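Data block below; observations after.
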Protein chains: 2
Amino acid sequence: MRISAKGRYGLAAMVHLALNYNSGSPITIISISEKMGISKIYLEQVFALLKRGGLVLSMKGSQGGYQLARSPQEISAYDILASIETSMMEPADKTVADTQPHLENAMQELVFSKLDISVKTALTEVSLEDLLQNIESQSSPEQLMYFI
Amino acid sequence: MRISAKGRYGLAAMVHLALNYNSGSPITIISISEKMGISKIYLEQVFALLKRGGLVLSMKGSQGGYQLARSPQEISAYDILASIETSMMEPADKTVADTQPHLENAMQELVFSKLDISVKTALTEVSLEDLLQNIESQSSPEQLMYFI
DNA sequence: ATATATCATACCGAATTAATATGTTTTATT
DNA sequence: AATAAAACATATTAATTCGGTATGATATAT
């Protein structure tokens, strides 16, 4: 299933914020954009969506930056993608211009809403904390020696 | 979640074929397109995809048309949408241009593949037969009197 | 032969997506 | 007060996808 570039960048950026969650201090867009290898100006657009979704706090001005609005356990992949991929998360358009409404109803009930629920459930089940733990697990034990 | 027009038309058209399944005789694109209120030439493109997916049999020439390639119980919504919505069904592109592959791995495992599996499962669980039964159930008992 | 159908490409305009450009506002630091 | 560093806002561009047409070729029952 297709995830847009913004959606993927948003997920990755949120993991970076989560890694920084305990420091208490904000982290800048430009530092994240450098880690991710994308332009600062493009990532700004992603953060605008995350902010609108209430997932991050921002501080303007020098020494400013972004922080998670709540703990990594309390932020799901669904929260993030729902803030960014509006077309993915909006309920399926059912109109099929069919003369029989019974057919449209059946498609809506059995296929489209079922699909919407399934996607929402799957994405709600994974949190930023889960992603952090998975990343940690990949870096240990043998691989730890390859890092500083 | 967004379903393309072709995907919705494909589902509806397959239900029309399913309604005709027991007759043994093929049904034409133009008769379906009239029932659905869309152009014949556009629906032809949808049928080309369904054919490529092995879901329908076609007979060319006069008295030709289309039939289901197998019974309604044996055709799922997944079969249909997978034949049509390639962008929806193809595995998520994971590349996020991040310098840390651990992050990409985590996103892939915990989010993208989980999502792909969830979508596939939900759509595989519903068959054309299920749709037919749902349509029948809507037409009975009181509503039956409104039809010929 | 002819009418009726599938089948195959090519094309077009609109919408969406990915990304850049340009500037403004805010704020810590000096 | 001046400056630098940051978020914030909006417009623009380029590329891709999507929805739909157009044109014609091929096959086949009558």
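For the numbers below, each heavy atom of this structure counts, side chains included, while hydrogens, waters and symmetry mates do not. All chains are named by letter (A, B, ...) in the order of the sequence lines, taking the proteins before the strands, and each is independently numbered beginning at 1. Since the model is a prediction, treat every value here as computed from it, not as a measurement.
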- Under the 3.5 angstrom rule, does the side chain of A/Ser83 hit a backbone N or O of A/Leu50 as a donor-acceptor pair? no
- Query: To the side chain of B/Ser39, which of C/dA28, C/dT6, D/dT21 is closest?
  - Reply: D/dT21
Counting just side-chain N and O atoms, does [X] come under 4.0 Å of either OP1 or OP2 of [N]?
| X | N | result |
| --- | --- | --- |
| A/Arg2 | C/dA18 | yes |
| B/Tyr66 | C/dC7 | yes |
| B/Ser4 | D/dT17 | no |
| A/Ser62 | C/dT26 | no |
| A/Lys51 | D/dC8 | yes |

- Message: If the test is side-chain contact (heavy atoms from CB on, under 4.5 Å), which one of A/Leu57, A/Asp79, A/Val56 qualifies with A/Arg70?
- Response: A/Asp79
- B/Ile41 or B/Thr28, whichever maps to the more 5' nucleotide of DNA chain C: B/Thr28
- Given that A/Lys60 and A/Gln45 both sit by DNA chain C, which one's nearest nucleotide is further toward the 5' end? A/Gln45
- Query: At under 4.0 Å between heavy atoms, what does A/Ile29 touch on the DNA or RNA strands: base, sugar-phosphate, or nothing?
  - Reply: sugar-phosphate
- Item | Geometric class of the A/Tyr66/A/Phe47 ring pair [parallel <30°, tilted 30-60°, perpendicular >60°] | tilted
